[in-house]
Amino acid sequence: MATQAEHHSTRRDFLFVATGAVGAVGAAAVVWPLINQLNPDASTLALASIEFNLAGIEEGQSVTIMWRGLPVFVRHRTPAEIAEAQAVPLSELKDPATDQERTKPGHEQWLVMIANCTHLGCVPVGDSGDFDGWFCPCHGSHYDSAGRIRRGPAPTNLVLPPYEFLSDTLIQIG
């Protein structure tokens, strides 16, 4: 038979464990909203990836679409533009990258780039500049038909977003 001291001790231990458990649940209930508010909101998650139909873009034409609040250039390049971009020696490039590294295999005619100059974030003008690509009039950066920096203060090529071809005429960005 348990003595009164043993009985008290067991009861006290139970009260300590129960109080600790209730305190832990209460702390988690207070902390969870603070942690949860760090997650992106629904409008941001909705723009995490977009699908875009390429069928309406004629050869030699560029369009600008929005993805995650950023402008994105989608260009349907001509065979002449592709040949010109592939013929550029890497030694002439400030940020060396081949044309094949900037396009998807089997879809070399399509160029998809974030439309922000890598110097200060301006939006370059298409079909202009000294290299038949893009020109940033703010500070004079010239990009070629593969979006590679050729002249000016921009340190790197135009950034390629993550994208994949879902079919020959449909891409998913993000």
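None of these values were measured; they are calculated from a predicted model.
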Do Thr169 and Asn53 pass the side chain to side chain contact (heavy atoms under 4.5 Å, CB included) test, and can you show the C-alpha distance, the side-chain angles, and the key distance before you say yes or no? CA-CA 6 Å; Thr169 59; Asn53 190 346; 3.8 Å; yes
Starting from the C-alpha separation in whole Å, work towards a yes-or-no answer on side chain to side chain contact (heavy atoms under 4.5 Å, CB included) for Leu93 and Leu90. CA-CA 5 Å; Leu93 299 174; Leu90 291 181; 3.7 Å; yes
Arg75 and Met113: side chain to side chain contact (heavy atoms under 4.5 Å, CB included), yes or no, with the steps? CA-CA 9 Å; Arg75 176 143 182 98; Met113 307 173 299; over 6 Å; no
Test side chain to side chain contact (heavy atoms under 4.5 Å, CB included) applied to Val63 and Phe52, step by step: CA-CA 11 Å; Val63 297; Phe52 182 71; 3.8 Å; yes
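Note on Val159: it clusters hydrophobically with Ile171, by side-chain heavy-atom contacts below 4.5 Å among ILVMFWY residues. Residue Phe165 is grouped with residue Val72 when hydrophobic side chains (ILVMFWY) are merged at heavy-atom distances under 4.5 angstrom, including chains of intermediate members. Side-chain heavy atoms closer than 4.5 Å link hydrophobic residues (I, L, V, M, F, W, Y) into clusters, and following such links, possibly through other members, connects Ile57 to Val112. A continuous path of Ile, Leu, Val, Met, Phe, Trp and Tyr side chains, each step under 4.5 Å between heavy atoms, connects Ile114 with Ile65, placing both in one hydrophobic cluster. Linking ILVMFWY side-chain heavy atoms closer than 4.5 Å, directly or via other members, places Val123 and Leu158 in a single hydrophobic cluster.
Atom CE of Met66 is separated from atom CD1 of Ile173 by 11.5 Å, given to the nearest 0.5 angstrom. To the nearest 0.5 angstrom, Glu81 atom CD is 15.0 Å from Phe131 atom CZ. Taken from CZ in Arg77 to OG in Ser145, the straight-line distance is 5.5 Å, to the nearest 0.5 Å. Separation of atoms CZ (Arg151) and CZ (Phe135) is listed at 9.5 Å; rounding is to 0.5 Å. One distance of note links CZ of Arg102 with CG of Leu160; it measures 4.0 Å at 0.5 Å rounding. Once rounded to the nearest 0.5 Å, the distance linking CD of Glu108 with CG of Asp99 reads 8.0 Å.
Across Ser49 and Gly174, no two heavy atoms sit closer than the pair CB-C, 3.8 Å. The nearest pair of heavy atoms linking Ser141 to Ala154 is OG-N, 3.1 Å. The two residues Gly56 and Gln61 have their closest heavy-atom pair at O-OE1, 3.9 Å. Gly147 approaches Tyr143 most closely through the heavy-atom pair O-CD2, 3.6 Å. Nearest heavy-atom pair across Thr64 and Pro71 is CG2-CB, 3.8 Å.
Qualifying side-chain contact (heavy atoms from CB on, under 4.5 Å) partners for Asp168, counting only residues two or more places apart in sequence or in other chains: His107. Residues satisfying the salt bridge (charged side-chain N to carboxylate O under 4.0 Å, His left out) test with Arg148, not counting sequence neighbours, are Asp144.
Between the side chain of Glu92 and the backbone N or O of Pro89 there is no donor-acceptor pair closer than 3.5 Å. A donor-acceptor pair under 3.5 Å is formed between the side chain of Gln37 and the backbone N or O of Leu34.
For Glu164 and Lys104, the salt-bridge test fails: no basic side-chain N is under 4.0 Å from an acidic carboxylate O.
Ring-plane geometry between Trp134 and Phe73 is classed as parallel, the angle between the planes falling under 30 degrees on a 0 to 90 degree scale with a further cut at 60.
Put simply, the residue from Asp95, Ile149, Asn157, Thr156 that forms a side-chain contact (heavy atoms from CB on, under 4.5 Å) with Thr118 is Thr156.
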